[in-house]
Structure formats: C-alpha cells, structure tokens
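These numbers come from a predicted model, not from an experiment.
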Amino acid sequence: SDPPEFIAAAPVGKIPALVTDDGTLITESTTISEYLDEIGGGRRLIDGDRTRVMARASLAQGIADAGFAIVIERRRPAERQWPEWIDRQRRALDRTLAMVTGSGDRFDLGDIALACGLAYLDFRLREIPWRSTHPALAAWLDRVNQRESMKATAP
C-alpha cells in the first residue's frame, strides 16, 4: 500500500527513505549511509580506500537485491511466476556468495551491507543453504550478529 504520509515524504515510494532536518529526501541505503557517515561523529563507515569500501558494499547489496527479487517473484500467482528469473537470481547469489568475505578487524559499510544481505537470506529465504556451503561466512555473520548495532536492528 502507499500510505499518504509516506508518499508525501518519499514520492518515489521506495524504502529506505530519509528526510533530513532541512527537508532533503535521500533514498537508497548506500546514499543514506554516506550522508550519515558525513554528519556522524563516530568512526567512519567509509574510511581509507573509498573505492574498495564502496565496491564491497555494492557487491554485498547484490545479495540482498537477488534475494529480494526471488521473494517478490514468488509472491506472484503461481501461473505468473517466471522460474527462469528465480533460477537466474539463485545463480547470482551462488556466484556472489562464493567471492565475498567478511572482514576481521574492521567494520565498515561493506561489512554492514554484507551482514544485511546475509541476514536477509536467513530471514526470507531459509531454504537457500548458504550457511552449509559457506561455513566461514556463516561464522562471520554469527559473530557480527552479536554486535549491539545488529541486535538493535534485527527484523
């Protein structure tokens, strides 16, 4: 549904959406993260090699995007679903999961995006056995999920 107060604030109808104190509308997770990183007073989320951090964040966002595409396609009536599209998204997930890694000592925007993408798979697509095929990544997520910020934002 499109609640009028949401559409008034975010006419494009997408979440996440952030309206700043001066009324600027910012959409897309990465752009919102960059804004919060700019105004925040703590440790930077995009620190050091910006290109490296943003490349990792974009790749990790692809995990969430492919997972979301599967979920949405499966919500369509069975006769209107496109199995080839679901298969394509699964292949994208498999390829991406095979190449991503969580960091050990840092926790930057790339790590946040990866943790959110993996947590989305756990939340919405439990039938995908990513944890058994990528045990090191699963162990990393389990450690990351102990962070207070992850606990506070768990679905």
Item checked: Verdict with reasoning, Asp108 to Arg56, per salt bridge (charged side-chain N to carboxylate O under 4.0 Å, His left out) -> CA-CA 10 Å; Asp108 60 21; Arg56 289 176 54 245; 2.8 Å; yes

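- Sorted by first then second residue, the salt bridge (charged side-chain N to carboxylate O under 4.0 Å, His left out) pairs that include residues 64-87, not counting sequence neighbours, are Glu73-Arg76, Arg74-Glu127.
- For residues 136-155, every residue pair satisfying the side chain to side chain donor-acceptor pair (under 3.5 Å) rule, not counting sequence neighbours, is listed here: Arg131-Asp142.
- Applying the 6.0 Å contact sphere to CD1 of Ile15 captures no more than 12 heavy atoms from other residues, nucleotides or ligands.
- The side-chain heavy atoms of Arg44 and Glu38, taken from C-beta on, include a pair separated by under 4.5 Å.
- The side-chain heavy atoms of Thr96 and Leu59, taken from C-beta on, include a pair separated by under 4.5 Å.
- Environment of CZ in Phe68: sparse, with no more than 12 heavy atoms of neighbouring residues, nucleotides or ligands closer than 6.0 Å.
- Residues Met99 and Leu121 fall within the same hydrophobic cluster, defined by Ile, Leu, Val, Met, Phe, Trp and Tyr side chains chained together at heavy-atom separations under 4.5 Å.
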Check: Taking it one step at a time, do Asp122 and Trp130 satisfy side chain to side chain donor-acceptor pair (under 3.5 Å)?
Finding: CA-CA 9 Å; Asp122 280 347; Trp130 76 268; 3.0 Å; yes

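- Atom CZ of Arg88 has 12 or fewer heavy atoms from other residues, nucleotides or ligands within 6.0 Å.
- For the pair Leu118 and Leu137, the tightest heavy-atom approach, listed with the atom from each and the gap, is CD1-CG, 3.8 Å.
- In the hydrophobic clustering of ILVMFWY residues, with side-chain heavy atoms under 4.5 Å counting as a link, Ile86 and Ile72 come out together.
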Next item on the list: Go through the steps to decide whether Val53 and Asp47 satisfy the test side-chain contact (heavy atoms from CB on, under 4.5 Å), and finish with yes or no.
Entry: CA-CA 8 Å; Val53 172; Asp47 203 8; over 6 Å; no

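- Under the 4.5 Å side-chain contact rule for hydrophobic residues, Leu109 and Leu18 do not share a cluster.
- Within a 6.0 Å radius of CG in Asp21, other residues, nucleotides and ligands contribute 12 heavy atoms or fewer.
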